[in-house]
Amino acid sequence: MEGNHRNIIIAGDGKVGLTLARQLSAEGHDPTLIDQDHLVLEQTMEQYDGMGVPGNCATMSTLEQAGVRVNGKTVNEAVLESTNAYLAAYVLTIVLSTLVVSLDNFSILTNLSGVLACFKNIGPGLELVGPSCNFAGFSTLSKLVLCGNMLAGRLEIFPMLVLLSRSTWFKR
């Protein structure tokens with residue numbers, strides 16, 4: 001597999017990051033861990049073979065230090081900013097939608113899985129929106145939010161945000 005080497009980057013040296021690093025090391029990979037806590041990172045690096053990079057994984061300098069490259073070139077700052085903006089819009093949409101749908105007083109698992117099922121087209125949710133249930137118990141407001149999630153999931157988030165922005169509909 002020479003020439004086809006993949007650099008595995010793990011952002012965060014918490015429980016999940018450490019578990020991933022251990023598993024990947026056991027499978028013969030050399031993952032790179034990025035964490036802001038230098039002491040935790042040093043302790044982890046003593047336990048397994050791999051590279052540790054102190055810093056914020058959302059900054060260009062840290063990613064360059066970790067060796068992140070696409071087609072042999074370092075990742076462009078604009079690409080990193082666009083990716084961060086997309087991730088922020090994605091998470092914010094899910095969180096806000098779940099909060100609005102939670103007004104119906106169903107369990108958090110029902111609400112979150114319903115939002116994710118609609119937003120990412122993953123099929124049925126869990127509990128009250130599971131395979132043998134439906135969304136009939138939700139209020140009209142929740143159903144409208146879930147319909148918006150379906151559209152955002154199919155048409156992408158940014159076009160939907162542009163469609164909903166004030167500047168699209170009103171000239172200044």
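For clarity, every value in this text was computed on a predicted model and none was experimentally measured.
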**Study point:** Minimal non-hydrogen separation, Asp35 against Gly14, with atom names
**Key:** OD2-N, 4.4 Å

Review point. What pair of heavy atoms forms the shortest contact from Gly17 to Ile10, and how long is it?
Key: CA-CG2, 3.6 Å

Practice item. Could you check if a side-chain atom of Val95 sits within less than 4.5 angstrom of a side-chain atom of Tyr90, using non-hydrogen atoms only? Key: no

Point to revise | Nearest heavy atoms of Leu41 and Pro54, plus distance in Å | key: CD2-N, 3.5 Å

Review point. Does Phe135 belong to the same Ile/Leu/Val/Met/Phe/Trp/Tyr cluster as Leu128, with side-chain heavy atoms less than 4.5 Å apart forming each link?
Key: yes

Check your understanding: Who are the side chain to side chain donor-acceptor pair (under 3.5 Å) partners of Thr110, not counting sequence neighbours?
Key -> Ser107, Glu127

Point to revise | Thr32 side chain reached by Val53 side chain, heavy atoms, under 4.5 Å | key: yes

Check your understanding: Do the non-hydrogen side-chain atoms of Tyr86 and Thr83 ever get within less than 4.5 Å of each other?
Key -> no

Study note, to complete from the structure: One should read off an interatomic distance between Phe158 CZ and Ser82 OG, to the nearest 0.5 angstrom, of 7.5 Å

**Study point:** Interatomic distance, Ile9 atom CD1 to Cys57 atom SG [nearest 0.5 angstrom]
**Key:** 9.5 Å

**Study point:** Non-hydrogen side-chain atoms of Leu112 and Ile94 separated by less than 4.5 Å
**Key:** yes

Review point. Of Leu151, Val101, Leu146, which meets side-chain contact (heavy atoms from CB on, under 4.5 Å) against Cys118?
Key: Leu146

Practice item. Establish whether Val145 and Met160 are linked, either directly or via other cluster members, by ILVMFWY side-chain heavy-atom contacts under 4.5 Å. Key: no

**Study point:** Candidate pair Asn56 and Thr62, rule side-chain hydrogen bond (donor to acceptor under 3.5 Å, both in side chains), full reasoning
**Key:** CA-CA 6 Å; Asn56 182 342; Thr62 303; over 6 Å; no

Exercise for review: Examine distances only and state if a side-chain atom of Ser25 and a backbone atom of Arg22 form a donor-acceptor pair shorter than 3.5 Å.
Suggested key: no

Practice item. Quick one: pull up CD in Gln65 and CE in Met60 and give me the separation to the nearest 0.5 Å. Key: 12.5 Å

Point to revise | CG-CG distance between Leu20 and Leu18, expressed to the nearest 0.5 angstrom | key: 9.0 Å

Point to revise | Closest non-hydrogen atom pair between Asn149 and Ser97, with its separation | key: OD1-OG, 2.9 Å

Revision key, fill the gap. When every non-hydrogen atom of Phe106 is compared with those of Gly137, the smallest separation belongs to CZ-O, 3.5 Å

Exercise for review: Kindly give the heavy-atom pair with the smallest separation between Ala117 and Gly125, and that separation in Å.
Suggested key: CB-N, 4.1 Å

**Study point:** Co-membership, hydrophobic cluster, residues Leu126 and Val129, 4.5 Å side-chain
**Key:** no

**Study point:** From Thr168 atom OG1 to Leu163 atom CG, the distance as rounded to the nearest 0.5 Å
**Key:** 6.5 Å

Practice item. Tell me, please, which residues at least two apart from Leu63 pass side chain to side chain contact (heavy atoms under 4.5 Å, CB included). Key: Ile34, Val68, Leu80

Study note, to complete from the structure: For residues 113-124, the side-chain hydrogen bond (donor to acceptor under 3.5 Å, both in side chains) pairs (sequence neighbours left out) are Asn121-Arg154

Check your understanding: Between the main-chain N or O of Lys15 and the side-chain N or O of Thr19, is there a donor-acceptor pair closer than 3.5 Å?
Key -> yes

Check your understanding: Just by distance, with hydrogens left out, do Asn111 and Ser102 show a side-chain donor and acceptor under 3.5 Å apart?
Key -> yes

Review point. When you look at Leu116 and Ile122, which way does the side-chain contact (heavy atoms from CB on, under 4.5 Å) test go after all the steps?
Key: CA-CA 7 Å; Leu116 290 173; Ile122 58 172; 4.2 Å; yes

Exercise for review: Determine whether Val16 and Leu33 fall in the same hydrophobic cluster, where Ile, Leu, Val, Met, Phe, Trp and Tyr are linked whenever their side-chain heavy atoms lie under 4.5 Å apart.
Suggested key: yes

Check your understanding: In terms of hydrophobic clustering (I, L, V, M, F, W, Y; side-chain heavy atoms under 4.5 Å; direct or indirect links), are Leu155 and Ile157 co-clustered?
Key -> no

